[in-house]
Amino acid sequence: MEETSTSVKDKKEWLSGAFQKKELEPAEEMHMSHDLVAEKRKWLDEQKQKQKEAQTKGGDAGQVMSKDFIAEQRKWLEEQQQSKKTDSSANPADAVMTRDLVAEKMKWLDEFAKQHPENGSNGEGSVADRMKWLDGQMKKQQESVRKEDDTAITRHLVSDRMKWLDEQSQKEGATAAASSSSTAAGAVESGKTGAGKGVFAQRMKWLQGKSAPPPPSVPTSPLAQINIENDDDDDDDDYMLPDDYEDLVYDEESEKKCREMVGALTKEELEHAAMSSYHYSLSEDKTKTEREKYAMTMAFRHLVVCFGDPVSALERMKKTIQFRVTMDVDGIRTCFYSKKENDETKATFNVYRENIEAQLETGKMFVMGYDTRGCSIMPMISRNADSVEPEWYIKAHIYTLERAIACSERSTKGADSKVNIIMDYNGHQLKHTPPLLQVRRLLHILRDHYPGQLHQITIMDAPFSFKAFYTLVYGFIDPFTKRLIRFITGDEQKTEELNAEKFWPDELMPFMHPIGKKTKPLDVKAYLTTIPFDRAFDEEVPKSLLHIE
C-alpha cells in the first residue's frame with residue numbers, strides 16, 4: 001500500500017490533537033525521567049564533540065548545534081534532573097511530556113527548521129529525528145491519559161474520524177497512479193508529507209479504543225478456591241487460533257474435567273448454572289441429576305474456549321453465573337408472561353416489559369425460522385435500528401439471544417442450543433450504526449458469557465459504510481466468533497451459502513434467499529406476549545401453549 005498524502009500542517013494538527021480527548025483537562029506537567037535526561041545529555045556531549053571536530057577540520061558546522069545552544073540545553077537538562085530528585089511523588093518510569101510541552105517544542109522545531117533548512121532531513125540530531133522523538137512523547141502522553149480516564153468515544157467523534165480516513169483513502173488512490181511513474185521521487189515526497197501506513201494504522205487502532213492487553217494470568221489456585229474479583233471485561237482479543245485448531249471433543253477426559261468444575265460450585269451456583277437452560281427452568285421436578293446435567297453443559301462450553309484448562313474454565317463459568325444474577329437474565333426471559341409475581345417483582349417486570357418492547361417494536365431483531373439441524377434463526381435488520389439507550393440496548397439483545405437459544409434447545413430436544421444470526425444490511429445508513437462502546441460491551445458479553453452458543457453469523461449486502469465500521473470492531477471479536485462470520489452479497493452467494501443442506505427455503509425470509517418463504521409481517525406484541533418464549537415467530541404453536549389472557 002502506498003503512503004497517503006497529507007500536508008505538514010495537517011500532520012502538525014493531528015500530532016497536537018488527533019490522539020487527545022478534547023473533553024479532558026490538560027494533565028499537570030511532569031518532569032523527564034532520569035534515563036531520558038541521561039540520554040539527552042549524552043547526545044548533547046556528542047554534538048559538542050562533533051562541533052569541536054568540525055571547527056578543527058575547518059568544515060561546515062551547520063549540521064551540528066552551536067556551543068551556546070548546547071550549553072543552554074545542558075543547563076535546562078540539569079534543572080530537570082535536579083527538580084526530578086526533589087519530586088518524591090513522580091514516577092520516573094511513567095514520566096512523559098505534557099501536551100503543552102510538546103507544543104512548545106514543536107514551535108521551537110518550526111523556528112529551527114526555518115533558520116537551518118539544511119538540517120530538515122538528514123544529519124544526526126536533525127529536525128526529523130527530534131520530530132520523531134516528540135511523536136513518541138505524544139504517544140506516551142496519550143497512553144497516560146487513557147489509563148487515567150477511559151472516557152467513551154462518541155458516535156459523532158468516530159463518524160468524524162471515519163470520514164477523515166475515507167478522505168485519506170481517496171487521496172491514496174489519487175497519489176498511487178502519480179507515483180507509479182516516479183517511484184523514487186514519490187517515496188521521498190511521501191516521506192516528507194505523507195501520513196503513511198503506520199500513522200493510518202495508529203489512528204485506526206485509536207478509533208477502536210484498543211490498548212495493549214496485559215499478559216494472560218495463569219490461575220494456580222485449587223478448583224474450589226477460584227477468585228472472581230477484579231474481573232476485567234475490557235481486554236480485547238489480539239490472539240488467533242492456530243491453523244490446525246480443532247474444537248475440544250466431549251470424551252471421558254473432558255467429562256472428568258467438567259465434573260470437577262461442577263463439583264467446585266456452591267449449591268446456589270449449581271442452581272444458577274442449571275438455570276441457564278430454559279428447559280430446566282420450566283421443570284417443576286428439579287432433581288440433582290438433572291441439575292448437574294445442565295450445569296455440565298455450561299461447564300463444557302467454557303472448557304472449550306479455555307482450551308481444556310479446567311481452572312480457567314471454572315473461573316469464567318463463575319463469572320458467567322455472577323453476570324446472569326447481576327443482569328437478572330432469568331427475569332428478562334420470563335417478564336412478559338410470568339404468573340409468579342409479587343408486588344416488587346411486578347414493578348420490576350413492568351419496567352422490563354416497557355423497555356424491552358420499546359427496543360424491539362421496530363423489528364430490528366427477533367427469532368423466526370430454523371436450519372435443517374433445528375437450530376433457530378435470529379434475523380437482525382439494520383435499517384430498523386433506532387434506540388440505543390445503553391442499558392436496554394444490551395438487555396434487548398440478551399432477551400433475543402436467550403430466546404433463540406431456548407428455541408434451539410427445544411427444537412433439538414437438548415441436543416444443540418446454537419443460534420444462526422443473519423443480518424440484513426440493505427438500506428443501512430450511518431445513523432443506524434450503534435455507538436462503538438455499546439457494540440464493544442455486547443461483544444465482550446458474547447465472548448465471556450455465551451461461548452459456543454453461535455453456529456453461524458451471516459452478514460448480507462453490507463455497504464461500504466458498514467464495512468468501515470466492522471474494521472473498527474473487528475479487534476473486539478473473539479477468535480472463536482471470527483471464524484463463524486460470513487459476508488454475502490447478491491442472490492448467487494445467498495443461494496450457495498444458505499443451501500438446502502443447511503436451510504430449508506420455507507424457513508428463510510426473502511432477504512436471506514431468493515426463494516425464501518417467510519413473508520409474514522412481524523407482530524411484535526404477539527411475539528413478546530402471546531407466543532411462548534421457546535417458540536419462534538410464525539411457528540405453529542398448539543393453542544394450549546399460547547399465553548392468552
Side-chain angles (χ1 to χ4, degrees), residues 1 4 6 14 17-23 139 142-143 145-146 149-173 195-213 232-240 364-365 380 382-383 385 388 390 393-394 397 421 423-425 427-448 454 457-489:
M1 178 185 294
T4 58
T6 307
W14 169 78
F19 277 177
Q20 303 300 320
K21 298 182 179 180
K22 297 181 181 179
E23 66 272 22
K139 291 175 183 176
Q142 169 63 14
E143 291 172 2
V145 173
R146 285 186 60 84
D149 189 351
D150 192 19
T151 305
I153 301 174
T154 65
R155 186 197 306 189
H156 298 297
L157 184 56
V158 172
S159 175
D160 291 341
R161 293 296 190 240
M162 286 177 64
K163 182 179 179 181
W164 185 90
L165 290 172
D166 289 340
E167 292 172 354
Q168 288 297 308
S169 180
Q170 293 173 4
K171 289 181 181 179
E172 177 188 23
K197 292 187 291 184
V199 173
F200 185 91
Q202 288 171 352
R203 294 175 208 180
M204 184 67 78
K205 188 175 182 180
W206 177 80
L207 276 173
Q208 293 173 339
K210 290 174 64 60
S211 60
D232 183 5
D233 288 335
D234 291 333
D235 291 344
D236 297 322
D237 298 284
D238 291 330
Y239 68 96
M240 298 294 293
K364 63 183 178 184
M365 56 183 167
M380 300 182 72
S382 171
R383 61 182 174 275
V388 287
Y393 171 84
I394 296 296
H397 277 82
I421 296 179
M423 302 179 177
D424 180 14
Y425 275 88
H428 174 83
Q429 300 177 25
L430 188 60
K431 65 181 181 181
H432 301 132
T433 303
L436 190 64
L437 184 66
Q438 297 306 316
V439 174
R440 183 184 185 187
R441 184 185 175 201
L442 181 62
L443 289 171
H444 284 168
I445 289 174
L446 289 175
R447 174 197 67 185
D448 296 338
L454 300 180
I457 301 175
T458 306
I459 302 173
M460 295 190 164
D461 302 320
F464 175 79
S465 58
F466 170 77
K467 292 180 179 178
F469 180 77
Y470 178 78
T471 302
L472 299 180
V473 303
Y474 185 77
F476 308 150
I477 305 174
D478 69 274
F480 289 91
T481 301
K482 284 176 182 175
R483 60 181 181 158
L484 305 178
I485 299 174
R486 302 287 185 274
F487 277 85
I488 294 177
T489 302

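Quick caveat, the model's predicted, so the values are computed rather than measured. Heavy-atom basis, side chains included; hydrogens, waters and symmetry copies ignored.
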- Who pairs with Arg383 by salt bridge (Lys or Arg N to Asp or Glu O under 4.0 Å), at least two apart in sequence or on another chain? Asp424

- Task: Return the set of residues passing side chain to side chain contact (heavy atoms under 4.5 Å, CB included) with Ile394 (not counting sequence neighbours), or none when no residue passes.
- Result: Met327, Ile398, Gln438, Arg441, Leu442, Ile445

- Would you give the length of the straight line joining atom CD1 of Ile477 to atom CD1 of Ile457, rounded to the nearest 0.5 angstrom? 7.0 Å

- Message: Does Phe476 form a side-chain contact (heavy atoms from CB on, under 4.5 Å) with Thr481? I'd like the steps, not just the answer.
- Response: CA-CA 10 Å; Phe476 308 150; Thr481 301; over 6 Å; no

- Task: Begin with the C-alpha distance, continue with both residues' side-chain angles, and end with the deciding distance and a verdict on side-chain contact (heavy atoms from CB on, under 4.5 Å) for Tyr474 and Lys482.
- Result: CA-CA 8 Å; Tyr474 185 77; Lys482 284 176 182 175; 3.6 Å; yes

- Message: Could you work out, with side chain to side chain contact (heavy atoms under 4.5 Å, CB included) as the rule, every residue matching Pro463, not counting sequence neighbours?
- Response: Tyr425, His428, Ser465, Phe466

- Item | CG-CZ distance between Leu430 and Phe469, expressed to the nearest 0.5 angstrom | 9.5 Å

- Any pair counted as salt bridge (charged side-chain N to carboxylate O under 4.0 Å, His left out), so long as it reaches residues 463-474, sequence neighbours left out: none

- Do Ile421 and Met380 have side chains that get closer than 4.5 Å, going by heavy atoms? yes

- Message: Nearest 0.5 Å, please: how far is CG in Asp461 from OG in Ser382?
- Response: 11.5 Å

- Sorted by chain and number, sequence neighbours left out, side chain to side chain donor-acceptor pair (under 3.5 Å) with Arg483 holds for Asp247

